[in-house]
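Here's the structure we're looking at; comments come further down.
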Amino acid sequence: MSDAICIDRSPEPGTARNVPIPPRSSFPEGFVFGAATAAYQIEGHKFGGAGSSHWDSFAATPGNVVRREDGSLACDHYHRWESDLDLIRDGGFDAYRFSTSWARVMPDGRTVNPEGLDFYDRLVDGMIDRGLRPFLTLYHWDLPSALADHGGWMNRDTALRFADFAEVVMARIGDRIERTATINEPWCVSWLSHYLGEQAPGLRDIRAAARAMHHVQLAHGLGVERLRGLGHDNLGIVLNLADILPFREGEEKAVATADAINNGFFIESVAKGTYPQAALEGLEPHLPANWQDDMATISTPIDWLGVNYYSRGIVSAVPGAPWPATKGHEGPLPKTQMGWEIYPEGLSNLLTRMARDYVGDLPIYVTENGMAWADEVTDGAVTDAERTSYIAGHLEAARGAIKGGANVKGFFYWSLLDNYEWAWGYEKRFGLIHVDFETLERTPKSSYYALQAALSG
Ligand code: IFM
């Protein structure tokens, strides 16, 4: 192709091999280092009275998930949580970001399963016992099938039910949680799952997507309102943001549209109570009636923002195509096992932008950042120098944003363990700790030890 890519080709971004991870002492006092996971991806959904979630049925449908794998056993964290928490503590981390499964806590979406709450109660106590600070995400995608049967995120009622779920969970463990996020990655919950069809429920429908986008934002706002009213604090949301760049000169419109769908819709509604015009252009006809009436709830003030960052997006317009009329392009940089370009600059750009344009001095946490790699155990060890470099590059980028004035308070590596990578099944390995999915044996990788050394220095 002869088209020029006008994206930054500055010397080898993100490929600094053998660059050491910056030591703890190079970050501001109190900077939080953590590791992150999510319930469905590690726990083992067949245990403890969990109900069916829409991921179980999505995975059971041929063609949706590699080898039709699901989270029924996953890493069996449900039974191995104590030794998994030991690994976090021994890695020198300060905090653990975990999520609560809605389908475990309320198998039919409404009725409480005491066994489910007991599990999270034990887990949080286990963190405290080990000196780990609990960072909770209430919803990381395991929607009870009973709610999916009634339209899931397309149905406004799901947002109301979410507030009930949030209340139940926080009534039990909220007294020991350091920070609570309502929703993980609303773009994935809505656009990726209802327009691009890549995750449960696997729809490809603009109206479904617009409604899901609005309702997931509403769920966040209702959750914050409810929890705040009950006296809980330190409430936030976790957004997956991408640094969107033009494929060639003159692609401002494509960049604005893609940025509005990926980023603006979610951050602007929370921070300012509006949806970006570039998103409304295509979505407004499909939004629920009187959506404007919900914007005050959606923008209920939060206490902190979580940013999940993995890569950039490169886009161009597709003239004559229906909205959004954009397409993505593969970039030239080295890529992870997911095929995602390694581009740490995007992290500093986004952190700086969030502080400058949206959240000001509110604490920002990098709640996820990490890479998948085809790691293998050789003679009892896993050498993953690529991951160590990736972490070093992104921690430097976070440091750069801090120097530039963004109030970045912590960094969580995704993920603690190799786990269920959704539509990719168990094929993509993001963990600091290798999991053998036959024996469930855990083997810390060399990146785990590199981080451990950096955190002690
Ligand atoms: O595994 C996911 C996680 O569940 C949400 N954020 C992105 C990760 C890697 O794809």
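Quick note: residue numbers are just sequence positions, from 1. Indexing begins at 1, ligand by ligand and atom by atom, following the structure's order. Just so it is clear, the model here is predicted, and its values are computed rather than measured.
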Under a 4.0 Å N-O cut-off, is there an ion pair linking Asp125 with Arg176?
yes

Quick check: Asn308 and ligand 1, any N/O pair under 3.5 Å apart?
no

Looking only at the side chains, is there a donor atom on one of Arg97 and Thr137 sitting less than 3.5 Å from an acceptor on the other?
yes

Would you say Trp141 has any N or O atom under 3.5 Å from an N or O of ligand 1, going by distance alone?
no

Atoms of ligand 1, numbered as shown, that sit under 4.0 Å from any heavy atom of Trp422
1 (O), 2 (C), 3 (C), 4 (O)

Shortest non-hydrogen separation from Ser316 to Phe247 and the atoms involved
CB-CB, 3.9 Å

Min over Gln199, Glu185, Gln41 of heavy-atom distance to atom 5 (C) of ligand 1 lands on Glu185

Check if Trp340 has a non-hydrogen atom at a distance under 4.0 Å from any atom of ligand 1.
yes

d(Ile42 CD1, Arg80 CZ) to nearest 0.5 Å is 12.0 Å

Identify the closest protein heavy atom to atom 7 (C) of ligand 1: which residue and atom is it, and at what distance?
Glu368 OE1, 3.2 Å

Are any of the N or O atoms of His140 closer than 3.5 Å to those of ligand 1?
yes

Do His194 and Asp205 pair up side chain to side chain, a donor and an acceptor below 3.5 Å, judged on atom types alone?
no

Among all protein heavy atoms in this structure, tell me which lies nearest to atom 10 (O) of ligand 1, with the distance rounded to 0.1 Å.
Glu421 OE2, 2.6 Å

If you define the side chain from C-beta out and look only at heavy atoms, does anything of Met106 sit under 4.5 Å from Leu117?
no

